[in-house]
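I have placed the structure first, in the form of structure tokens, so that the comments after it can refer back to it.
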Amino acid sequence: MTDKLLNSLNDVQREAVQHVEGPALCLLSGAGSGKTRVITHRIAYLLKYHNISPFQILAVTFTNKAANEMKERLDTLIGENVSRDVWVATFHGTCARILRREIDKLEGYTRAFTIFDTTDQTVVVKDALKKVGYGDGKYNPRAILSHISRAKNDFLKPVAYASIASDHFTNIVAEVYPIYQDLLRQNNALDFDDLLLSTLELLDDHPNVLKYYQRKFRYILVDEFQDTNQCQYRIVRRLAEPEGNLCVVGDDDQSIYAFRGADIRNILNFEKDYGDDAKVFPLEQNYRSTKNILDAAWSVVRNNKARKEKRLWTENDEGDPVICYEAINESDEANYVVTQIESLHAEGVDYADFAIFYRTTAQSRIFEEALRAANIPYQIVGGVGFYDRMEIKDLLAYLRVMCNLNDSISLRRIINVPGRGIGMKTVQRLIDFAANERISLFESVKRVNEIPQISSGIKAKVKRFNKIFDDLSDDILPSDALYHVLQATKYLENLENQNTLEAQGRIENIEQLISAITEYESNSSAPTLADYLENVALTTDIDTMETDEADMVPLMTLHSAKGLEFPFVFIVGVEEYYLPHKRSIDEATEAAIEEERRLCYVGITRAMERLYLVHANSRRMYGDSEHRTPSRFISEIPGHLIKHVDRYHSPFLEAESTYEEVSEDPMGYHVNQIVHHPQFGRGKITKVSRMRQSMYITVRFNRTGMMKQVDPSLTQLTILDY
DNA sequence: TAGAGAACGATTTTT
DNA sequence: TCGTTCTCTA
């Protein structure tokens, strides 16, 4: 039986899975080297052969997507009965879950706490700025927020931060930070950083709590370890302290979130931190890309100084050279990509097998337009999230107030939504009253009668609003809460009356929200409003978008591309000022450029079969045309791996003109036949063609999803089915 | 209080 | 240039 679990692994993977004794384990996992496979197999191995209980395992990821994927793989590997008891969650999810049980041990919080997103945070910072007398908009709330966030990642509480504040701006931040924190507490709210920081505080200051979780989690696994910040690393170290097995998996070359506090030193110094206890396994065999793509990726990333020396290898084919297209301008760039997609699609490549990556979200527009014009279905991955839509935020704000009456930020959002005649002045009076009486805004709304400055007509309106929250049971189901709000506010009727296309879209979104809530309730063993809202707060995009179903070209930023793979990849805007980005160049530090180089590396290593690097000589920027030069990263790829083309010299298009599509090969092969290839396995014929005297059969292989052109006179294909 | 024009500012963003 | 946020006025 052991063999069955370990059979599908290569030697290093197997060793890593079986290395159970000795606490610290670090897997230096290159792109496409099967790390999720190792993590899941390791969990299965612990459960099956080391008698570990599933309750004792904690697996932490960074994204919900990764967590879900891991859960699914575990389900198939060890069965749902066992896998559901393994704690698999994101860092923030893990912390939220712990805090949901323990937070009343921290001063000023209750278990009904709300998680504030970036929008909420910005409102709070603006309030805090006003409070300390900088309400004139001189300071950018987002800049202040990012300083506060960074401070929290470094465990700097307001007092500690104030003592190190040096220049003018940080001194302002030092003034705002404590007020910001007070406001959060008054709202019974935590921001994303607080989830981590408060958990760490809880573990540090409450030995009983620490002991409980240390005993519980005897085996801890951390995915994407290169993306952990100091706080996250401290949390897992703490939990793993006694005997705990800490297994981290990561790749320093794929660390691209330094701007969010990720600290590459965590992975570079892991061995130092754990001394002789640390065992490092490098996973260097790549199962994803062609040799050429892998070599190109390496030739770029090797120029970084802050990295562990390693080089991926593969048994895959050499493949095509990297295609570097020099476009005249941004529309030529978009046209080229679309033309390539069209002609490859005509050869049988699915739209979903392509991907277009760009550095900045603004770049997506021209590609959207070009794709739309060419009637090619596409999909923006990770764009404006479903939960960021206005109508969804409004309705969820109602639910948030129901759950946590102290959440004044949400209350303020909805007090006049839909419009009910409670204006800014009235709201300000309510806020002032709350401040004077040292009560929450909700309490102030309740006691509106005591505010003389508010006219009796408006008082009635405020009372009518307040009534929405009367007589709600504590354990109201999220769906019932939503129905109650929709009914009490006539939100849908309001939209229907607007009779616009936009309103129609909003109504559809609300319908989607209803089904999302229903789905949550049927999936959850104990659905509560607080738990639902937590799920929403910690989910970026609606994960129910079935990417497998629809055949669309995905468009995304290089950041969003991490963890994914596609047969045909276009990286666009590979120019100085985009990649590396102007900001990073202006920073003039080695570290900033190295991060951009890693971003480029991540993009390159997504490609399985063919990679296109596209750059334009000129580009319209903020109005006028700008000259652009190819990225320095392109020149880091040696000549034999890359083929430079432009509008007049396109090798693949040229080749096509000599191709002639035919209905059947003389040997009897035809389209849609299922065939077996000695090396690649089962596949389906998508095209039969002739170039000069030779026949070519294009086959799409099931296992890899790759398209290959096979010469049937050289390779033995077995016809399996029709 | 809502809606229209001015003013601003434009990397990336797992949670 | 263009999309979002803010401010002022009807």
Side-chain angles (χ1 to χ4, degrees), chain A residues 60-69 89-96 115-119 121-122 126 136-137 140-143 145-146 149 152-153 190-196 223-224 226-229 231-232 254-262 330 357-366 381-385 387-388 390 416-427 458 461 534-541 543 556-564 573 577-587 592 595-596 598-600 602-603 619-626:
Chain A
V60 202
T61 64
F62 271 81
T63 64
N64 294 302
K65 206 170 129 229
N68 291 334
E69 199 180 307
T90 64
F91 262 107
H92 291 84
T94 303
C95 290
I115 299 166
F116 272 4
D117 65 18
T118 327
T119 321
Q121 287 178 278
T122 314
K126 281 184 192 159
D136 50 7
N140 180 225
R142 277 172 50 205
L145 213 44
S146 83
S149 174
K152 286 182 176 180
N153 289 161
L190 300 173
D191 64 22
F192 288 128
D193 301 312
D194 284 339
L195 288 174
L196 307 171
D223 191 16
E224 304 278 16
Q226 76 281 355
D227 291 333
T228 49
N229 63 31
C231 207
Q232 289 161 329
Q254 292 187 68
S255 164
I256 53 174
Y257 283 103
F259 70 95
R260 303 240 332 127
E330 70 270 21
F357 302 155
Y358 34 79
R359 177 68 233 269
T360 71
T361 43
Q363 286 168 264
S364 74
R365 252 187 55 200
I366 188 145
V381 177
V384 174
Y387 292 103
D388 287 331
M390 187 178 79
N416 196 35
V417 175
R420 50 171 73 86
I422 304 174
M424 252 167 50
K425 263 211 168 112
T426 311
V427 173
I458 294 185
K461 289 174 180 169
E534 178 180 310
N535 270 295
V536 169
L538 299 178
T539 312
T540 18
D541 224 330
D543 286 318
M556 67 195 87
T557 63
L558 284 162
H559 283 89
S560 313
K562 198 169 75 167
L564 305 176
Y577 288 10
Y578 261 159
L579 191 66
H581 194 273
K582 182 164 190 313
R583 292 256 185 150
S584 301
I585 295 172
D586 290 347
E587 243 181 80
E595 174 117 340
E596 297 285 319
R598 287 192 292 270
L599 202 46
C600 185
V602 167
R619 198 176 279 280
R620 274 187 101 69
M621 299 293 293
Y622 309 135
D624 38 23
S625 189
E626 223 176 64

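Each chain gets a letter, A, B and so on, in the order the sequences are listed, and its residues count up from 1.
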Would you list the protein and nucleotides 4-6 of chain B atom pairs, both N or O, that sit under 3.5 Å from each other?
none

Could you list the protein-to-nucleotides 4-10 of chain C atom pairs, N/O on both sides, closer than 3.5 Å?
from  : atom 1 : to       : atom 2 : distance (Å)
C:dC6 : OP1    : A:Lys126 : NZ     : 3.1

Counterpart residues, ring-ring contact (aromatic ring centres under 6.0 Å, His included), relative to A:Phe116 (two or more places apart):
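In terms of ring-ring contact (aromatic ring centres under 6.0 Å, His included), with neighbours along the sequence ignored, A:Phe116 is linked to no residue.
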Flag side-chain contact, heavy atom, 4.5 Å: [X] against [Y]:
{"X": "A:Phe192", "Y": "A:Leu538", "value": "yes"}
{"X": "A:Asp223", "Y": "A:Phe62", "value": "no"}
{"X": "A:Asn229", "Y": "A:Arg260", "value": "no"}
{"X": "A:Glu224", "Y": "A:Tyr257", "value": "no"}
{"X": "A:Asp586", "Y": "A:Arg583", "value": "no"}

Nearest-Å distance for atom pair [atom1]/[atom2], residues [X] and [N]:
{"X": "A:Asp117", "N": "B:dT13", "atom1": "CG", "atom2": "C1'", "answer": "13 Å"}
{"X": "A:Ile422", "N": "B:dA2", "atom1": "CD1", "atom2": "P", "answer": "11 Å"}
{"X": "A:Glu224", "N": "B:dT13", "atom1": "CD", "atom2": "P", "answer": "15 Å"}
{"X": "A:Arg260", "N": "B:dT14", "atom1": "CZ", "atom2": "P", "answer": "7 Å"}
{"X": "A:Ile366", "N": "C:dT1", "atom1": "CD1", "atom2": "P", "answer": "15 Å"}

If you assign each of A:Thr228 and A:Gly421 to its closest nucleotide in DNA chain B, which residue comes earlier from the 5' end?
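Final value for this comparison: A:Gly421.
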Taking syn as within 90° of 0 and anti otherwise, name the glycosidic form of B:dT11.
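You should classify B:dT11 as syn.
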Have a look at [X] and say if it touches a base, only the backbone sugar-phosphate, or nothing, with a 4.0 Å heavy-atom cut-off.
{"X": "A:Gly563", "value": "nothing"}
{"X": "A:Arg365", "value": "sugar-phosphate"}
{"X": "A:Asp227", "value": "base"}
{"X": "A:Met424", "value": "sugar-phosphate"}
{"X": "A:Ile585", "value": "nothing"}

CA sep, side-chain torsions, deciding dist, call: A:Ile256, A:Val602, side chain to side chain contact (heavy atoms under 4.5 Å, CB included):
CA-CA 9 Å; A:Ile256 53 174; A:Val602 167; 4.2 Å; yes
Using atom names, set out every protein N or O paired with an N or O of nucleotides 8-12 of chain B below 3.5 Å, distance rounded to 0.1 Å.
from   : atom 1 : to       : atom 2 : distance (Å)
B:dT11 : OP1    : A:Arg583 : NE     : 3.2
B:dT11 : OP1    : A:Arg583 : NH2    : 2.6
B:dT11 : O4'    : A:His581 : NE2    : 3.3
B:dT12 : OP1    : A:Thr361 : N      : 2.6
B:dT12 : OP1    : A:Thr361 : OG1    : 2.5
B:dT12 : O4'    : A:Arg359 : NH2    : 3.3
B:dT12 : O2     : A:Arg359 : NH2    : 2.5

What do the steps show when you test A:Lys152 against A:Asp191 for side chain to side chain contact (heavy atoms under 4.5 Å, CB included), and what is the final call?
CA-CA 10 Å; A:Lys152 286 182 176 180; A:Asp191 64 22; 2.6 Å; yes
I want to check one thing: is the phosphate of C:dC2, taken as OP1 and OP2, less than 4.0 Å away from some side-chain N or O of A:Arg620?
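Looking at the OP1 and OP2 atoms of C:dC2, neither is under 4.0 Å from any side-chain N or O of A:Arg620.
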Shortest non-hydrogen separation from A:Gly573 to A:Tyr578 and the atoms involved
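Smallest heavy-atom distance, with atoms named: O-CB, 3.3 Å.
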Distance check, P atoms only: C:dT5 and B:dT12, in whole angstrom units.
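It works out to 15 Å between them.
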Could you work out the separation of C:dT4 and B:dT11 based on their P atoms and round it to a whole Å?
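After rounding to an integer number of Å, I get 15 Å for this pair.
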Sequence neighbours excluded, which residues qualify as salt bridge (Lys or Arg N to Asp or Glu O under 4.0 Å) partners of A:Glu595?
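Here the qualifying residues are A:Arg598.
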To the nearest 0.5 Å, what is the distance between CZ on A:Arg420 and CD1 on A:Ile458?
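A:Arg420 atom CZ to A:Ile458 atom CD1 measures 13.5 Å (nearest 0.5 Å).
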Sequence neighbours left out, what passes side-chain hydrogen bond (donor to acceptor under 3.5 Å, both in side chains) with A:Ser560? Give chain and number order.
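Partners of A:Ser560 under the side-chain hydrogen bond (donor to acceptor under 3.5 Å, both in side chains) test: A:Thr557.
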